[in-house]
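The structure appears right after this line, and notes come after that.
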Amino acid sequence: MKVLANDGISPTGKEALLASGHQLLEVTVAQDQLANYINNNGVDVLLVRSATKVRKDLIDTCPGLKIIGRGGVGMDNIDVEYARSVGRTVINTPAASSQSVAELVMAHLYGGVRFLYDANRQMPLDGDTKFKDLKKAYEAGTELQGKTLGIIGFGRIGQALAKLALGVGMKVVQHDTFPTPTEITISFFDGQSLKMNVPKLSLDELLKTCDFVSLHVPGGDIIGAKEMAMMKDGAGIVNAARGGVVNEVALVEALNSGKIKFAALDVFVDEPTPAVQVLMNANVSLSPHIGAATLEAQDRIGTELADLINQHS
Ligand SMILES: NC(=O)c1ccc[n+]([C@@H]2O[C@H](COP(=O)([O-])OP(=O)(O)OC[C@H]3O[C@@H](n4cnc5c(N)ncnc54)[C@H](O)[C@@H]3O)[C@@H](O)[C@H]2O)c1
């Protein structure tokens with residue numbers, strides 16, 4: 001198979017493809033040149049991440065394209081149903097990045113309760129002249145241990161996050177609109193494992209009882225002004241799911257009023273040009289949609305895609 005990895009592929013994925021005898025084209029072709037490139041070069045498999053769009057017109061113009069592969073979870077950039085309806089195979093690697101996203105959420109939570117997101121902004125500016133003032137500004141940190149984390153969307157990432165949070169001594173509850181497990185197994189490095197209960201609550205119950213809420217749903221308007229009003233005073237919100245599942249306007253208002261103490265955002269409504277009001281808010285811990293961006297996740301994505309291509313070729 002001739003494979004075009006238009007948004008790049010990890011070295012491990014590349015090795016796996018080449019070892020299976022596939023030919024790999026590692027160029028990034030501009031969106032408007034993509035159909036020509038695919039047809040002129042006889043590309044059988046188009047691999048993308050989130051940048052390249054695979055819409056109906058591209059699918060129609062490239063009859064030789066057999067497989068469309070998405071490295072990662074969300075397939076918003078691919079017309080999946082249409083592609084399948086005209087006989088193309090569409091594959092993705094939904095589980096490969098769960099641990100990476102979950103670890104990023106814990107990083108934001110730990111950074112949040114100790115104001116690291118703000119300390120890292122202020123120390124380079126004033127650390128040498130106002131050290132004592134800054135020390136005072138960040139003196140009322142808290143621990144995660146003993147606090148309650150509410151996970152909305154208890155799928156792959158939600159469950160991976162629950163394991164980490166339970167591991168550091170948090171109480172964890174979940175809400176999901178579909179049936180989800182209430183018992184999860186935490187595996188340790190030495191082969192031991194532990195089964196833990198993660199109670200399922202209604203959304204309202206979860207909002208009222210949690211110190212921190214983290215969302216791991218595929219989309220929707222889940223947390224707006226009404227939901228934030230139900231939350232505990234001084235609670236924290238993390239959104240590493242999709243921009244907009246937490247309403248950004250309501251969030252800025254709740255942060256400014258002190259109702260919500262801090263928020264962590266990895267995803268934004270207006271990516272790649274997020275609202276300045278969100279970026280400039282002193283109580284928001286920020287990252288530029290890097291939930292899945294670890295070397296380990298990229299390696300898993302690459303090898304899983306290579307395996308899937310082999311299965312379908
Ligand atoms: N930040 C990043 O870089 C990054 C990386 C990977 C995935 N994601 C996002 O994380 C999301 C979750 O990924 P996943 O692998 O855990 O998906 P998943 O399908 O395993 O889990 C999603 C869960 O959300 C539940 N759900 C759907 N709608 C809901 C609603 N309205 N209320 C409550 N629960 C609802 C589903 O039943 C499911 O259990 C993805 O859809 C993607 O948007 C972000």
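Atoms within a ligand are numbered from 1 in the order they appear, just like the ligands themselves.
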Is the closest heavy atom of [X] to ligand 1 under 4.0 Å?
X: Ser98; answer: no
X: Gly74; answer: no
X: Gly220; answer: no

For His216 and Ser214, does a side-chain donor sit closer than 3.5 Å to a side-chain acceptor?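 A pair is found: one side chain offers a donor N or O, the other an acceptor, under 3.5 Å apart.
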Can you sort out which atoms of ligand 1 are near [X], meaning under 4.0 Å from one of its heavy atoms?
X: Gly155; result: 16 (O), 20 (O), 21 (O), 23 (C), 39 (O)
X: Val101; result: 4 (C), 5 (C), 6 (C)
X: Ala292; result: 3 (O)
X: His289; result: 1 (N), 2 (C), 3 (O)
X: Ile222; result: 31 (N)

Closest approach of [X] and [Y], non-hydrogen atoms and distance?
X: Ala35; Y: Cys62; result: CA-SG, 3.7 Å
X: Leu34; Y: Leu4; result: CD1-CD2, 3.8 Å
X: Met106; Y: Leu144; result: CE-CD1, 4.0 Å
X: Asn6; Y: Val27; result: OD1-O, 3.2 Å

Proximity winner for [atom], if only heavy atoms of [options] are counted:
atom: atom 27 (C) of ligand 1; options: Gly243, Ala297, Ala241, Pro218; result: Pro218
atom: atom 44 (C) of ligand 1; options: Ala240, Gly219, Gly291; result: Ala240
atom: atom 25 (C) of ligand 1; options: Ile290, Asp76, Asp176; result: Asp176

Side-chain touch [X]/[Y], heavy atoms, less than 4.5 angstrom:
X: Phe262; Y: Val284; answer: no
X: Ser50; Y: Arg70; answer: yes
X: Val113; Y: Phe212; answer: yes
X: Val172; Y: Ile151; answer: yes
X: Leu286; Y: Leu279; answer: yes
X: Ile91; Y: Thr89; answer: yes

Considering residues, nucleotides and ligands other than Asn39, do more than 12 of their heavy atoms fall under 6.0 Å from its CG?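 Atom CG in Asn39 is packed in, count exceeds 12.
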Looking only at protein heavy atoms, which one is nearest to [atom], and what is the separation?
atom: atom 20 (O) of ligand 1; answer: Arg156 N, 2.9 Å
atom: atom 6 (C) of ligand 1; answer: Val73 CG2, 3.6 Å
atom: atom 1 (N) of ligand 1; answer: Asp266 OD2, 2.8 Å
atom: atom 12 (C) of ligand 1; answer: His216 O, 3.5 Å
atom: atom 33 (C) of ligand 1; answer: Thr177 N, 3.6 Å
atom: atom 11 (C) of ligand 1; answer: Val217 O, 3.7 Å

Polar-atom distance check: His175 versus ligand 1, any N or O pair below 3.5 Å?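 There is no such contact.
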Ligand 1 N/O within reach of Ile157 N/O, cut-off under 3.5 Å: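 Looking only at distances, the answer is yes, because the N/O contact criterion of under 3.5 Å is met.
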